[in-house]
2 protein chains.
Amino acid sequence: MSPKPVSRSTRRTRRPQHATIRDVARAVGASISTVSAALNGTDYVSAAMRAKIEAAVQQLQYRPNDLARGLRLRRTHTLAIVVPDLSNSFYAEIVRGMKDYTAAANYTVLVGDSRERWAEEKLFLEMLHRRRVDGVVRVPAGDGNASQAAQVLGTIPVVYADRYPEADHPVAAWVGVDNARAAMDATQYLISLGHRRIAIISGPTTTRTAAERLEGYQRALRAIGAMHKEYIRNGELDMAGGARQAIELLTQAKPPTAIFCANNTMTLGALEAIQQLGRACPREISLLGFDDFAWSTLLRPRLTMVRQPAREIGMTAGRMLIDTIEERTRNRATQTLPTQLMVRDSCAPPLRP
Amino acid sequence: MSPKPVSRSTRRTRRPQHATIRDVARAVGASISTVSAALNGTDYVSAAMRAKIEAAVQQLQYRPNDLARGLRLRRTHTLAIVVPDLSNSFYAEIVRGMKDYTAAANYTVLVGDSRERWAEEKLFLEMLHRRRVDGVVRVPAGDGNASQAAQVLGTIPVVYADRYPEADHPVAAWVGVDNARAAMDATQYLISLGHRRIAIISGPTTTRTAAERLEGYQRALRAIGAMHKEYIRNGELDMAGGARQAIELLTQAKPPTAIFCANNTMTLGALEAIQQLGRACPREISLLGFDDFAWSTLLRPRLTMVRQPAREIGMTAGRMLIDTIEERTRNRATQTLPTQLMVRDSCAPPLRP
DNA sequence: GCGGGCAGCCAAAACGATTCGAGCTTGAGT
DNA sequence: ACTCAAGCTCGAATCGTTTTGGCTGCCCGC
């Protein structure tokens, strides 16, 4: 059985797609090892040779193929972030922060939008696994059972931002704010203005942050014995959800004098509802929101809101991720960043306290 | 030029990172060719074997390595889009449209933000080349000389969105709107309300769309002999730029009775300036903007704006790109989508016409 | 009994990079 | 004169896929 050298290639129609390292090597009459060493500075290469190679690279417009590189190196220099809603400026800002930070360390980031659905998030995570990203930061979808993520991601490092993981990876890294505390402070601010009938529009209780904010709100009101169940609403996190809950609250027999909204989109919905019902804000009804956004000062009234350091959250998540990837795990596994109450015009003392 | 010393470390620590097709083959006692054929359905594989393979895939949590795949296939199923400002909801919406459309065709998209600077865009495009993306849609940075893109992208297909290419690729695909026409219509609307002293705040003339909108505005005013150079302003495209120009316009001796802003961020800036100067809009000054956004109805007054079909622009760009990549070039090379004047509350007849 | 088609499987050659080990000159140290 | 290291270069293995051509039975029609 002699293995005969068969000329098996029938097609010779090979259009030259991109220049390869081999083309560069051929152009300067060197081996590809030498070219590689020259380009990466990883071994001795004479100055003359280096110059010739650099010229050839320019002339051939050679760009290394990162697929081949990643395959060999087992590193793609790619990260990813998945958020529940990209059109929400809060998450957009987190993404931006992460991109800015990681770009400086020469990482590319893929961004995914789960639309609050684990099914969509899972699809995205599977794609990330196939692409062998070096790490991912998750703001898990709020519809529960996001703890299967460990399965689909395998050994890829994960950092959580904003929302807590739920007993997911054993030692999960996380960065975010103290939501209970921030909500409590906000509620106490309303109390200090004289409000007693304070409502909250919160998200679904499967969303960790929503649950914590509700908790903080309750703690503040319980302390003065002013908690009433009919003022607690949870619903969808979007604008329509906020509007619907606000209308229900304001049209009931004994409406609240202040509404605390647990995220930014719902706050906008509530504002829309208030205007639609012809109520004067803040004279007749005070509105306090969560998650600030850039153009909140353009609205009338200018909204009083709890500001989260979105950009810093994204940057920190990126930093924590890169640190674990590159095995400088010097930093703590969890980081809590400060919030800030941006007092503007949408809250005032109640008409009849 | 001293070459650096090299430490040739001999690490033999090979942790089993991810399951490979070889692992699957070994598990079922088949060859990798058979596994590949089974998974891709590209050749005969017995039902029994197929079942065994599928079981092994599940058990090993095998996910094909897209790097190796892309290397072999010379296709990455990755697209990219680069826009001048991601925090501008107009571009964000284009990106979203493209993502939605291309996701259905199983493409991933990388998104880049050039911040209106060619230097940044170039960096991003070079990265795309190294990653061998299958195609890219560009909204070129507005600071000129973006025509070097062909060089850095090599043979990678390009589709332009919103802004025109400037004699870039020979047969450039493009999708956008008729900016001159839209601006002319908008200006004529202001004229029909009785305005004669109409100002425009436009972007830098290196930005093609800005130039076209200015052109349309001029055409409308020239037709009634009401064009005055002191009412024409170009500046930065951001909010601060819009505010600055608006203040200059409104504080001059014979201020305009209406301002036409050539993009959305400048419109917001102008609105801010108007409020800051204590002018009543629309009673004292009418404001008409370009590029609608989702929450424009939350502002008071609700802004009258020219709406571009941003989402459709993104989807169409995605479609055109995929069509060229997959060589179904059945569609025209350039597509013009319709605009719409969203008449709301920020324009009214002038006090003294 | 023989040619031929088909179902099922496999070995090996790409794809384009990095890296290990080794070979070959020089020049210096002893 | 001999050894040794440094400087420079190269061949070959490797990363994890797809794909091509070929091999083996087996059944079918004659």
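Chain A is the first sequence line, chain B the second, and so forth, proteins listed ahead of strands; every chain is numbered from 1.
When each of C:dC9, D:dC10, D:dT17 is scored by its nearest atom to the side-chain atoms of B:Val45, the top-ranked nucleotide is C:dC9.
In terms of phosphate contacts, A:Arg74 brings a side-chain nitrogen or oxygen within less than 4.0 Å of OP1 or OP2 of D:dG16. Taking 4.0 angstrom as the limit, B:Asn40 places a side-chain polar atom (N or O) nearer than this to OP1 or OP2 of D:dT18. Listed pair B:Ser31 / C:dA11 fails the phosphate criterion, with no side-chain N or O lying under 4.0 Å from OP1 or OP2. The side chain of B:Arg69 contributes no N or O atom lying less than 4.0 Å from OP1 or OP2 of D:dG16. Note on A:Tyr44: every side-chain N or O is 4.0 Å or more away from OP1 and OP2 of D:dC8. Between B:Arg50 and C:dG8 there is no side-chain N or O to OP1 or OP2 distance below 4.0 Å.
A donor-acceptor pair under 3.5 Å is absent between the side-chain atoms of B:Gln335 and the main chain of B:Val175, judged by distance alone.
Within 4.0 Å of B:Ser46, counting heavy atoms only, lie sugar-phosphate atoms of the nucleic acid but no base atom. Among the heavy atoms of the strands, none lies under 4.0 Å from A:Ala37. If you check every strand for non-hydrogen atoms under 4.0 Å, A:Thr20 touches sugar and phosphate atoms only. Residue B:Asp43 is in base contact, counting any heavy-atom pair closer than 4.0 Å across all strands shown. If you check every strand for non-hydrogen atoms under 4.0 Å, B:Ser33 touches a base. Within 4.0 Å of A:Leu67, counting heavy atoms only, lies no atom of the nucleic acid at all.
When the P atom of D:dG16 is taken as reference, atom CZ of A:Arg130 falls 17 Å away, rounded to whole Å. We find that CE of B:Met49 is positioned 10 Å from C1' of C:dC10, with the value rounded to whole Å. Atom CZ of A:Arg75 is separated from atom P of D:dC15 by 18 Å (rounded to the nearest Å). Taking atom CG of B:Leu71 as the reference point, atom P of D:dT18 lies 12 Å away to the nearest angstrom. As a whole-Å value, the separation of B:Asp23 CG from D:dT17 P is 9 Å. Distance B:Leu73 CG to C:dA13 P: 20 Å, rounded to the nearest Å. Across the protein-nucleic acid pair, B:Tyr62 atom OH and D:dG16 atom C1' stand 7 Å apart, rounded to whole Å. We find that CZ of A:Arg26 is positioned 13 Å from C1' of C:dG16, with the value rounded to whole Å.
Remark: B:Arg117 CZ to B:Leu123 CG distance equals 11.0 Å, nearest 0.5 Å.
Within residues 51-61 of chain A, no residue approaches DNA chain C, by heavy-atom distance under 4.0 Å.
At least one side-chain heavy atom of B:Val95 sits under 4.5 Å from a side-chain heavy atom of B:Leu86. Proximity of B:Arg74 to B:Arg132: side-chain heavy atoms (C-beta onward) are nowhere separated by under 4.5 Å. Counting only heavy atoms from C-beta outward, the side chains of A:Arg131 and A:Thr78 never approach each other to under 4.5 Å.
Between B:Arg72 and A:Leu39, the residue whose closest nucleotide on DNA chain C is further toward the 5' end is B:Arg72.
Nearest heavy-atom pair across A:Thr102 and A:Ile322 is CG2-CD1, 3.8 Å.
By the 4.0 Å N-to-carboxylate-O rule, A:Lys99 lies too far from B:Asp113 to be salt-bridged with it. With salt bridges taken as basic N to acidic carboxylate O contacts below 4.0 Å, one links A:Asp100 and B:Arg115.
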